[in-house]
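Within every chain, numbering begins at 1; the chains are lettered A, B, ... in the order of the sequence lines, protein sequences first and strands thereafter. Quick note: numbers below take in every heavy atom, side chains included, and nothing from hydrogens, waters or symmetry partners.
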Amino acid sequence: MAKEITSRSENYSQWYNDLVVKADLAEQSAVRGCMVIKPYGYAIWEKMQRFLDDAFKKEGVQNAYFPLFIPKSFFSREAEHVAGFAKECAVVTHHRLMTNPDGPGVVVDPSAKLEEELIVRPTSETIIWSTYKNWIKSWRDLPILCNQWANVVRWEMRTRLFLRTSEFLWQEGHTAHATSQEAQNEAIKMAHVYADFARNILDIPVVLGHKSPHERFAGALDTLSIEAMMQDGKALQAGTSHFLGQNFAKSFDVKYADKEGNLQYVWASSWGVSTRLMGALVMALGDDNGLVLPPLIAPIQVVMVPIYKTDEEHSSVLEKMGQIQDALVANGHSVKIDDRDLLRPGFKFAEWELKGVPVRLAVGPRDITNGTVEIHRRDTMEKTTVPIDGVVDRIGELLDDMQKNIYLKALQFRDSHIVKVDTWDDFKEKIEQGGFLLCHWDGTEETEERIQEETKATIRCIPVDSAVCEEEGKCVYSGKPSHRRVIFARSY
RNA sequence: CGGGAUGUAGCGCAGUUGGCUAGCGCACUACGUUCGGGACGUAGGGGUCGUGCGUUCGAGUCGCAUCAUCCCGACCA
């Protein structure tokens with residue numbers, strides 16, 4: 001009873017917030033706008049990190065770490081970039097505290113003012129490019145493919161757990177290349193790494209596409225994003241990959257000598273995903289019973305709940321579960337036996353469902369007698385009793401099936417909420433129902449802004465690899481000619 | 001920084017027009033009965049009612065101030 005969550009249809013925001021807190025993923029910190037990620041939530045994040053790290057390594061990317069503090073002067077070198085972030089930066093101005101001469105507590109020591117303020121990184125392009133300058137002399141030094149796992153700070157006005165917090169965890173890749181084409185290819189390649197990860201591991205269907213110039217990352221020539229659909233029909237940008245051209249190379253004077261001995265500015269890409277993916281996981285896959293975790297990302301894939309009355313029953317049930325556990329672990333599955341005393345089975349069932357554990361096994365005296373075990377799958381909530389022989393193989397197959405099924409369910413939801421819209425009246429009506437609107441757009445920023453003002457909808461992306469978008473038509477707002485459809489939606 | 005709301009136990013709340021000993025649910029502690037879908041009984045522990053000032057014989061309740069938080073905007077991965 002204590003852990004019951006609000007239903008999705010009743011109040012989507014509250015459902016989300018309840019779920020994040022009650023499934024033990026995270027909680028609001030006493031520090032304004034910041035979040036505490038709890039062990040269970042962090043375990044999921046660690047699994048994401050592992051998959052991403054492996055994928056990065058396959059692409060030749062290495063991990064590195066750059067400073068948290070960025071001198072203000074670095075930051076102001078790239079005009080567009082600073083304009084994009086200036087409004088939300090935390091700034092360090094002093095380096096010492098002292099006891100308060102006028103009362104209790106401590107105060108900032110006014111004599112310890114920094115000559116140059118330090119910015120707490122909102123993203124690391126500037127500090128990294130100031131470093132790359134020293135690393136890059138010749139074409140032989142290129143490409144440089146670095147990733148860092150870090151925290152960044154963006155002083156947001158309004159925050160929501162995982163989706164928008166003042167501090168968040170992420171990875172940011174920063175690459176340097178000899179040619180424009182190579183840098184562009186890198187940005188595209190990494191966008192596909194993200195899309196594959198979202199689809200295959202997280203079971204979240206995403207649309208890969210280009211951002212409109214208006215929605216681009218500050219300082220980028222092209223921004224690719226993966227856009228996911230939440231179950232209230234709103235879009236969530238789940239990852240971005242940017243082609244930065246020579247903007248940062250020029251700002252930080254990063255040149256290399258090519259094979260002919262001519263000095264050339266290098267070309268750049270950067271790309272990142274954050275703990276926002278945790279929010280996407282909750283909002284794209286969760287249901288009224290709680291989280292639904294795809295087996296590949298679940299910290300616990302199989303939980304076993306013992307059912308017993310007497311000590312003898314307890315020990316025989318536990319012995320049987322121990323055997324199953326060993327076999328499952330030998331097959332590479334993560335397993336937990338929930339042997340907490342004093343909690344009744346029904347309570348445990350509900351709690352593990354809330355936490356999204358894919359498979360639950362219940363073993364009781366009845367099963368010991370019959371040689372059976374009860375299997376419950378989280379995605380469909382189906383319960384079956386099966387012979388204990390062969391149960392390990394069956395669970396392996398079940399986990400594989402669930403990994404596919406969860407994706408298909410989310411895909412079906414998303415695709416049933418994508419509509420083609422050709423008139424402005426239809427646009428205004430359909431946007432109220434949520435979902436992605438496939439529309440023609442005249443390509444102007446003016447139209448984009450008008451549409452946003454009137455409907456709060458923005459261009460989420462201009463999809464790549466989408467045959468349905470490739471057609472001639474007229475802009476849904478201005479009526480001017482257009483060569484392809486783009487996705488409009490309200491977003492987080 | 002605009003518009004709206006809320007601060008009472010760890011959490012969620014009630015407390016009518018001021019009234020004496022501040023209450024309920026969950027959680028917590030102890031004991032017992034339970035245990036195949038969120039158990040129950042009994043007995044306990046836990047509060048300067050956000051803070052300050054005022055009105056009053058008397059303030060959780062009324063007034064003013066202040067702080068904090070949340071929601072809706074502006075901003076954003």
Sugar-phosphate, base or nothing in reach of Thr165(A), heavy atoms under 4.0 Å: base
Pairwise C1' distance for G46(B) and C57(B), with rounding to whole Å: 32 Å
Taking only distance into account, with no hydrogens and no angle test, what donor-acceptor pairs under 3.5 Å do side-chain atoms of residues 277-288 of chain A form with protein atoms, sequence neighbours excluded?
unit_1, atom_1, unit_2, atom_2, d
Asp287(A), OD1, Asn289(A), N, 2.7
Asp287(A), OD1, Gly290(A), N, 3.2
Asp287(A), OD1, Arg378(A), NH2, 2.7
Asp287(A), OD2, Arg378(A), NH1, 3.0
Asp288(A), OD1, Arg8(A), N, 2.8

Same-atom distance (C1') from U33(B) to U69(B), integer angstrom: 44 Å
5' precedence on RNA chain B between Ser13(A) and Leu163(A) (nearest-nucleotide basis): Ser13(A)
Least distance between heavy atoms, Ala410(A) atom then Asp203(A) atom: CB-O, 3.9 Å
Touch class at under 4.0 angstrom, heavy-atom based, for Lys211(A) against every strand present: nothing
Sugar-phosphate, base or nothing in reach of Ser274(A), heavy atoms under 4.0 Å: base
Sugar-phosphate, base or nothing in reach of Lys348(A), heavy atoms under 4.0 Å: nothing
Sugar-phosphate, base or nothing in reach of Tyr492(A), heavy atoms under 4.0 Å: nothing
Residue Glu351(A), side-chain atoms from C-beta onward, closest of G36(B), G73(B), G38(B): G38(B)
Ranges pairing with ranges for RNA chain B, where each run has three or more Watson-Crick or G-U pairs under 3.5 Å: B:1-7 with B:67-73, B:10-13 with B:23-26, B:28-33 with B:39-44, B:50-54 with B:62-66
C1'-based separation of U48(B) from U34(B) [nearest Å]: 42 Å
Axial cation check for Tyr40(A) ring with Lys355(A), 6.0 Å and 45° limits: yes
Distance in angstrom units between Leu342(A) CG and U33(B) P, rounded: 13 Å
Donor-acceptor pair (no angle test) under 3.5 Å: Arg360(A) side chain, G37(B) base: yes
Span that lies between the C1' atom of U17(B) and that of C26(B), in whole angstrom: 32 Å
Touch class at under 4.0 angstrom, heavy-atom based, for His314(A) against every strand present: nothing
Base G37(B) paired with Glu353(A) side chain (donor-acceptor, <3.5 Å): yes
Short side-chain N/O contact to G36(B) OP1/OP2 from Arg366(A), under 4.0 Å: no
Ring-face cation of Arg199(A) near Phe197(A) (centre distance under 6.0 Å, axis angle within 45°): no
d(CZ, Arg340(A); C1', G38(B)) in whole Å: 12 Å
Pairwise distance CH2(Trp45(A)) to CH2(Trp149(A)) - rounded to 0.5 angstrom: 5.0 Å
Side chain of Ile307(A) (C-beta onward), nearest among G36(B), G38(B), C75(B): G36(B)
P atoms of C40(B) and U51(B), separation to the nearest Å: 35 Å
What donor-acceptor contacts under 3.5 angstrom involve side-chain atoms of residues 125-132 of chain A, with partners at least two apart or in another chain?
unit_1, atom_1, unit_2, atom_2, d
Glu125(A), OE1, Thr123(A), OG1, 2.6
Glu125(A), OE2, Ser270(A), OG, 2.8
Ser130(A), OG, Ile127(A), O, 2.8
Thr131(A), OG1, Ile127(A), O, 2.8
Tyr132(A), OH, His174(A), O, 2.7

C64(B) versus G2(B) - spacing of their C1' atoms, nearest Å: 23 Å
Spacing of the P atoms in A59(B) and A14(B) (rounded, Å): 24 Å
Salt-bridge criterion met for Glu454(A) and Lys428(A) (N-O under 4.0 Å): no
Euclidean distance, atom CG of residue Asp341(A) to atom P of A30(B) [Å, nearest integer]: 13 Å
Euclidean distance for P, U61(B) against G7(B) (whole angstrom): 12 Å
Distance-only donor-acceptor check, side chains Lys336(A) and Gln325(A), under 3.5 Å: no
Closest to side chain of Glu156(A), choosing from G73(B), A39(B), C75(B): C75(B)
Atom-pair distance (OH on Tyr12(A); P on C71(B)), nearest Å: 16 Å
Touch class at under 4.0 angstrom, heavy-atom based, for Leu343(A) against every strand present: nothing
Sugar-phosphate, base or nothing in reach of Glu313(A), heavy atoms under 4.0 Å: nothing
Selection from G38(B), G37(B), G73(B) that lies nearest to any side-chain heavy atom of Lys456(A): G73(B)
Cation-pi check, Arg414(A) onto Phe436(A) ring (under 6.0 Å, within 45° of axis): no
Residue met sooner reading RNA chain B from 5', once Gly364(A) and Gln452(A) are mapped to nucleotides: Gly364(A)
Protein-nucleotide distance (Asn370(A), atom CG; G36(B), atom P), rounded to Å: 17 Å
